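Since the model is a prediction, treat every value here as computed from it, not as a measurement.
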Amino acid sequence: MNDQTFSLEPFPSTKYLPNLKIIANIDRNSNQLAIRYTLGGDLKEIAIDPPSNAQLRKHELWKDTCFEFFLSIKDSQRYWEFNLSPAGHWNVYRFDGYRQGMQEETAFTILPFNLQNQADGLALVLNVDFDKIVSAEQAIEVGITTVIKHRNGEVTYWALTHRGAEADFHLRDSFIVEL
């Protein structure tokens, strides 16, 4: 068990930052990964799509409020991007190297997660089995991120760390959680 909890930080910006707090909790048990995002604060300022009746695989979820994480096998250039929309939509992309060879990861045909409305915010919880892409013995490195779209159309980028001059979730040295 590697249960770890983190606070995500917004990319430093001159833009207005709402009063938000994003907490991420991640745990790997063998090849099961559990990740939980808790979004709290002034949510009325945030554009959050209403829940959909069907959880569908969709592209470009990062253009709206979206919970994301990036996963790589330690010492490998290949990595995966997981996108989870509060509406219930999802996608997983595989990359051969930094922003190279992006393609939909077909090993996943469903990504079951749920959204829980809470008195002080909302939580998104995902439990996923990585057997199809990673062996249980392989060490993985994870970057935990969130895109927040504000009602005024502004977008802010939240992550465990920001290592670039611009917000860039794909930078490998920002995959700082080892499991």
Side-chain angles (χ1 to χ4, degrees), residues 1-4 6 8 22-39 47-118 122-149 155 157-160 168-172 174-179:
M1 299 281 274
N2 288 304
D3 193 358
Q4 299 179 60
F6 304 92
L8 301 189
I22 305 173
I23 304 294
N25 177 274
I26 190 166
D27 182 38
R28 182 180 185 190
N29 187 355
S30 184
N31 237 9
Q32 294 288 320
L33 187 85
I35 188 163
R36 175 187 182 93
Y37 297 85
T38 306
L39 175 61
I48 299 174
D49 291 335
S52 170
N53 292 332
Q55 288 189 333
L56 302 174
R57 176 174 237 157
K58 286 194 169 182
H59 294 287
E60 299 186 338
L61 293 173
W62 58 82
K63 290 186 173 183
D64 294 296
T65 296
C66 181
F67 298 94
E68 304 180 349
F69 66 96
F70 292 76
L71 177 143
S72 66
I73 298 167
K74 190 174 171 112
D75 300 323
S76 167
Q77 290 300 306
R78 176 177 280 186
Y79 66 97
W80 291 266
E81 174 183 346
F82 291 76
N83 301 149
L84 308 165
S85 160
H89 306 306
W90 63 278
N91 215 330
V92 181
Y93 300 98
R94 183 177 69 238
F95 294 82
D96 298 326
Y98 174 73
R99 294 186 177 272
Q100 300 296 310
M102 176 180 166
Q103 57 188 302
E104 228 173 43
E105 177 54 76
T106 57
F108 296 96
T109 55
I110 188 167
L111 207 56
F113 64 94
N114 61 45
L115 194 67
Q116 303 159 351
N117 285 305
Q118 300 174 324
L122 61 88
L124 185 143
V125 180
L126 167 71
N127 288 291
V128 62
D129 186 325
F130 283 138
D131 280 342
K132 294 175 178 151
I133 61 169
V134 176
S135 75
E137 299 77 39
Q138 289 176 301
I140 59 173
E141 298 170 328
V142 181
I144 304 172
T145 62
T146 300
V147 175
I148 298 291
K149 186 171 186 178
V155 175
Y157 301 92
W158 299 66
L160 297 174
D168 186 351
F169 296 156
H170 292 257
L171 292 173
R172 274 304 281 278
S174 63
F175 297 15
I176 61 171
V177 179
E178 289 196 30
L179 298 171

> Quick check: does any side chain N or O of Asn31 sit under 3.5 Å from a backbone N or O of Asp129, one acting as donor and the other as acceptor?
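A pair under 3.5 Å: no.
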> Under the rule for side chain to side chain donor-acceptor pair (under 3.5 Å), what residues qualify as partners of Ser135, not counting sequence neighbours?
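Counting only residues at least two positions away or on another chain, Ser135 forms a side chain to side chain donor-acceptor pair (under 3.5 Å) with Glu137, Gln138.
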> Using the test side chain to side chain donor-acceptor pair (under 3.5 Å), find all partners of Tyr79 that sit at least two apart in sequence or belong to another chain.
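Tyr79 satisfies side chain to side chain donor-acceptor pair (under 3.5 Å) with His170 once adjacent residues are dropped.
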> Which pairs, with at least one residue in residues 66-75 and sequence neighbours excluded, count as a salt bridge (Lys or Arg N to Asp or Glu O under 4.0 Å)?
Lys74-Glu178
> Apply side-chain contact (heavy atoms from CB on, under 4.5 Å) to Leu122 and list each qualifying residue two or more places apart in sequence or on a separate chain.
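side-chain contact (heavy atoms from CB on, under 4.5 Å) check on Leu122 returns Leu39, Leu43, Ile48, Phe67, Leu115, Asn117.
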> The criterion is salt bridge (Lys or Arg N to Asp or Glu O under 4.0 Å); which residues satisfy it with Asp96, sequence neighbours excluded?
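Listed in chain order: Arg78.
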> Counting distance only, does the side-chain N/O of Asp64 pair as donor-acceptor with the main-chain N or O of Lys149 below 3.5 Å?
no
> Sequence neighbours excluded, which residues qualify as ring-ring contact (aromatic ring centres under 6.0 Å, His included) partners of Tyr98?
none
> For Phe130, what residues pass the ring-ring contact (aromatic ring centres under 6.0 Å, His included) criterion, not counting sequence neighbours?
Phe82
> Please enumerate all residues that pass side-chain contact (heavy atoms from CB on, under 4.5 Å) together with Ser85, with sequence neighbours excluded.
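Here the qualifying residues are Leu61, Ala87, His89.
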> What residues, two or more places apart in sequence or in another chain, satisfy side chain to side chain donor-acceptor pair (under 3.5 Å) together with Ser174?
none
> Would you name the heavy atoms of Gln55 and Trp90 that are closest together and state the gap between them?
O-NE1, 3.9 Å
> To check you understand the geometry: which heavy-atom pair defines the closest contact between Leu8 and Ile144, and what is its length?
CD2-O, 3.5 Å
> Side chains of Gln32 and Asn127: any donor to acceptor distance under 3.5 Å?
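The answer is no; no qualifying pair exists.
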> Main chain of Ala54, side chain of Ser52: is a donor-acceptor contact present, judged purely on distance under 3.5 Å?
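Between the backbone of Ala54 and the side chain of Ser52 there is a qualifying donor-acceptor contact (under 3.5 Å).
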> Which residues pass the salt bridge (Lys or Arg N to Asp or Glu O under 4.0 Å) test with Asp49, sequence neighbours left out?
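Asp49 satisfies salt bridge (Lys or Arg N to Asp or Glu O under 4.0 Å) with no residue once adjacent residues are dropped.
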> Taking only residues two or more places apart in sequence or in another chain, which ones pass side-chain contact (heavy atoms from CB on, under 4.5 Å) with Gln100?
none
> Just jot down the side-chain contact (heavy atoms from CB on, under 4.5 Å) partners of Glu105, sequence neighbours excluded, or say none.
Trp80, Val92, Arg94, Ala107, Phe108, Ile133
> Phe69 pairs by side chain to side chain contact (heavy atoms under 4.5 Å, CB included) with which of Thr145, Leu126, Ile26?
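With Phe69 as partner, Thr145, Leu126, Ile26 yield a single side chain to side chain contact (heavy atoms under 4.5 Å, CB included), made by Leu126.
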